[in-house]
Amino acid sequence: MLSENKPLIKILIITPTLQCGGSEKYVSLLCNHIDTKKFAVTLAVVDNSNPFYTITNNAVTIVDLKVKHVRNALFRIKKVTNSINPDIIFTTANHLNIFIAIFKRLFFKKFIIIARESNVVSINNKHAKWPAFYNWLCKKFYAKLDFIICQSQYMQADLIKHYYIKEENTILIHNPVATGFVNNLPALQNKQLSINKFITVARLSNQKGIDRLLRAVAKLPFSFKYYIIGDGEIEGSIKNQIAALQLQDKVFLEGRKDNPFLGHEDATLFLMGSYYEGFPNSLLEAGIMGIPVIAFDAPGGINEIIIDGENGLLVKDNDETAFALAIEKALGMNFDRPKIKAGNEKRFAINEIIKRTEDLFIALFSRRYR
């Protein structure tokens, strides 16, 4: 039994950065909501030189390892583990997970190693610098992790099928969604909006499928305004595509924002073009705003969030014409925006999901040290 006077379970959370991204957002939510009456939490950030997310929980100790790349952080991670002697090491990104798994028996054998998977591994590995080698590393070492948290059913099945992970060593815990960011936004009533205004919040990378969203909206036979919030390595090619499709007066790149929905509370639809996903935070946040979503039924957790016809529409993957038609169809539907908001708050409530994570920590600690 845990003491009520002091935390008995020492958790070392390791993340590559606190920059803008889904995995980093999860780390900040976990650190800011974890029960520090039960857990002594240290957050080790491999490179915290440019944080986007803030840890406001003063009970969490933050250590900046001051290393640019995970591959160079081994001995600094080992120094932290020697200093705090954690009961559990919790890693939060695919390349970091595999890095710790490789060196587990050499440096981290006595600790419980829990990894949180952030993407569909078999697909994500195809986009690594050396795909075959990286996939081999995952097949050889991933099973050495003590436990893996999966964000989606698809992700869980992928690990079990391709990487020799025992199902009993995995658990499905969806991403949580914070509601605080909507507190200062204007309330939007359940009514037909007067303009066709679309929004996408995404990193500008090939995975996010902005290219096929642009081709889809270019097929629309009516006027609209489409705002894309985010930055990334393919911004230049996206600008070129917008020009080539003659969408300059309809599509607007707004860059990265602390609160991407500010000013877009009246968006008619949220468009998601991802070729694959883990469990996208932007989709959860659109739901908290009550904004219905049009998305491709791509590999990952998208179809575990969208209830077709209730909070959005799913489109056959890669069918860009069908996507354009789905936008037109959605504009004629009377989506219940307050119901969408309430549904997301209930299904992905942050307190409940953080509690499930805490319960897992306690269960694995009790199993190891009882």
Side-chain angles (χ1 to χ4, degrees), residues 9-35 39 41-46 53 55 60 70 73 77 81 86-102 104 108 111-125 137-138 141-160 162-163 165-178 276-281 284 300-301 304-305 348 350 352-365:
I9 300 180
K10 291 182 286 185
I11 309 288
L12 173 61
I13 303 172
I14 310 175
T15 184
T17 72
L18 284 175
Q19 294 177 10
C20 187
S23 178
E24 293 84 355
K25 174 174 284 189
Y26 168 81
V27 168
S28 68
L29 291 175
L30 176 63
C31 288
N32 287 333
H33 289 83
I34 195 167
D35 187 348
F39 305 96
V41 181
T42 299
L43 173 63
V45 186
V46 174
Y53 296 106
I55 307 304
V60 174
V70 167
I77 293 173
T81 61
D87 301 302
I88 294 172
I89 295 176
F90 184 37
T91 64
T92 60
N94 177 263
H95 63 299
L96 177 59
N97 298 343
I98 192 63
F99 184 77
I100 296 297
I102 290 170
K104 179 177 185 291
F108 310 112
F111 308 118
I112 301 170
I113 308 294
I114 304 174
R116 179 180 178 272
E117 185 48 60
S118 57
N119 225 315
V120 180
V121 175
S122 66
I123 299 176
N124 198 54
N125 286 356
L137 286 176
C138 289
F141 292 102
Y142 235 55
K144 298 184 184 301
L145 297 164
D146 294 304
F147 213 86
I148 301 176
I149 295 176
C150 303
Q151 299 174 40
S152 69
Q153 295 172 10
Y154 192 106
M155 184 187 299
Q156 186 179 32
D158 181 72
L159 284 172
I160 293 168
H162 296 291
Y163 298 99
I165 308 296
K166 295 179 180 179
E167 184 174 359
E168 59 265 29
N169 290 337
T170 69
I171 189 172
L172 174 64
I173 301 180
H174 293 316
N175 274 353
V177 61
Y276 64 99
E277 275 289 351
F279 204 78
N281 287 291
L284 301 179
E304 296 171 43
I305 300 172
F348 309 112
I350 188 167
E352 177 60 29
I353 288 177
I354 296 299
K355 184 179 183 302
R356 289 194 65 201
T357 307
E358 293 176 347
D359 289 346
L360 175 66
F361 291 160
I362 292 170
L364 293 178
F365 173 83

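At least one side-chain heavy atom of Leu159 sits under 4.5 Å from a side-chain heavy atom of Ile148. The closest side-chain heavy-atom distance from Ile350 to Val177 is not below 4.5 Å. Contact of the Ile112 side chain with the Asp87 side chain is not registered, since no non-hydrogen atoms from C-beta on lie closer than 4.5 Å. Proximity of Ile114 to Leu145: side-chain heavy atoms (C-beta onward) are nowhere separated by under 4.5 Å. When side chains are defined from C-beta on, Ile100 counts as touching Ile113, because their heavy atoms get closer than 4.5 Å. Leu364 has its side chain out of reach of Asp146: every pair of non-hydrogen atoms, C-beta onward, lies at least 4.5 Å apart. A heavy-atom distance below 4.5 Å is found between the side chains of Ile77 and Phe108. Proximity of Leu360 to Phe147: side-chain heavy atoms (C-beta onward) are separated by under 4.5 Å at one or more points.
Without hydrogens or angle criteria, Thr92 side chain to Ile14 main chain gives a donor-acceptor distance under 3.5 Å. Formation of a donor-acceptor pair under 3.5 Å by the Thr170 side chain with backbone atoms of Gln156 is not found in this model. Judged by distance alone, the side chain of Gln151 and the main-chain N or O of Glu117 form a donor-acceptor pair under 3.5 Å. No donor-acceptor pair closer than 3.5 Å links the side chain of Asn124 to the backbone N or O of Val120.
Nearest approach of Asn125 to Cys138, heavy atoms of both residues: ND2-SG, 3.5 Å. Heavy atoms only, all atoms of each residue included: Gly22 and Asn281 are closest at CA-ND2, 3.2 Å. In plain terms, the two heavy atoms of Gly278 and Asn119 that are nearest each other are N-OD1, 3.7 Å. When all heavy atoms of Pro176 and Leu284 are compared, the pair lying nearest together is O-CD1, 3.9 Å. Here the shortest heavy-atom pairing between Val46 and Ala73 reads CG1-CB, 4.1 Å. When all heavy atoms of Val45 and Pro16 are compared, the closest pair comes out as CG1-O, 3.9 Å.
Applying the salt bridge (charged side-chain N to carboxylate O under 4.0 Å, His left out) criterion to Asp158, with sequence neighbours excluded, gives no partner residue. Every side-chain contact (heavy atoms from CB on, under 4.5 Å) that Glu304 has, sequence neighbours left out, goes to Ser152, Gln153, Tyr154, His174, Phe279. Residues passing the ring-ring contact (aromatic ring centres under 6.0 Å, His included) test with Tyr276, sequence neighbours excluded: His127.
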Evaluation steps, side chain to side chain contact (heavy atoms under 4.5 Å, CB included), between Thr17 and Glu24: CA-CA 7 Å; Thr17 72; Glu24 293 84 355; 3.3 Å; yes
Apply side chain to side chain contact (heavy atoms under 4.5 Å, CB included) to residues Leu29 and Tyr53 and explain how you reach the verdict. CA-CA 9 Å; Leu29 291 175; Tyr53 296 106; over 6 Å; no
Give the C-alpha distance, both sets of side-chain angles, the deciding distance and a yes or no for side chain to side chain contact (heavy atoms under 4.5 Å, CB included) between Phe111 and Ile88. CA-CA 6 Å; Phe111 308 118; Ile88 294 172; over 6 Å; no
When you look at Val27 and Leu18, which way does the side chain to side chain contact (heavy atoms under 4.5 Å, CB included) test go after all the steps? CA-CA 8 Å; Val27 168; Leu18 284 175; 4.1 Å; yes
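Figure legend: Arg116 and Phe90 shown without cation-pi pairing, the cationic atom not lying both under 6.0 angstrom from the six-membered ring centre and within 45 degrees of its axis.
Remark: Asp359 CG to Ile171 CD1 distance equals 8.5 Å, nearest 0.5 Å. Separating the CZ atom in Phe365 from the CD1 atom in Ile9 is a distance of 5.0 Å, to the nearest 0.5 Å. Considering SG of Cys150 and CD1 of Ile160, their distance stands at 7.0 Å, rounded to 0.5 Å. Separating the OG1 atom in Thr91 from the CD1 atom in Ile13 is a distance of 10.5 Å, to the nearest 0.5 Å. To the nearest 0.5 Å, the span separating CD1 on Ile353 from CD on Glu358 amounts to 12.5 Å. Asn97 CG to Tyr142 OH: the interatomic distance, rounded to the nearest 0.5 Å, is 4.0 Å.
Residue Glu167 places its CD atom among 12 or fewer non-hydrogen atoms of other residues, nucleotides or ligands, all under 6.0 Å distant. In Lys355, the NZ atom is not crowded: 12 or fewer heavy atoms of neighbouring residues, nucleotides or ligands sit closer than 6.0 Å.
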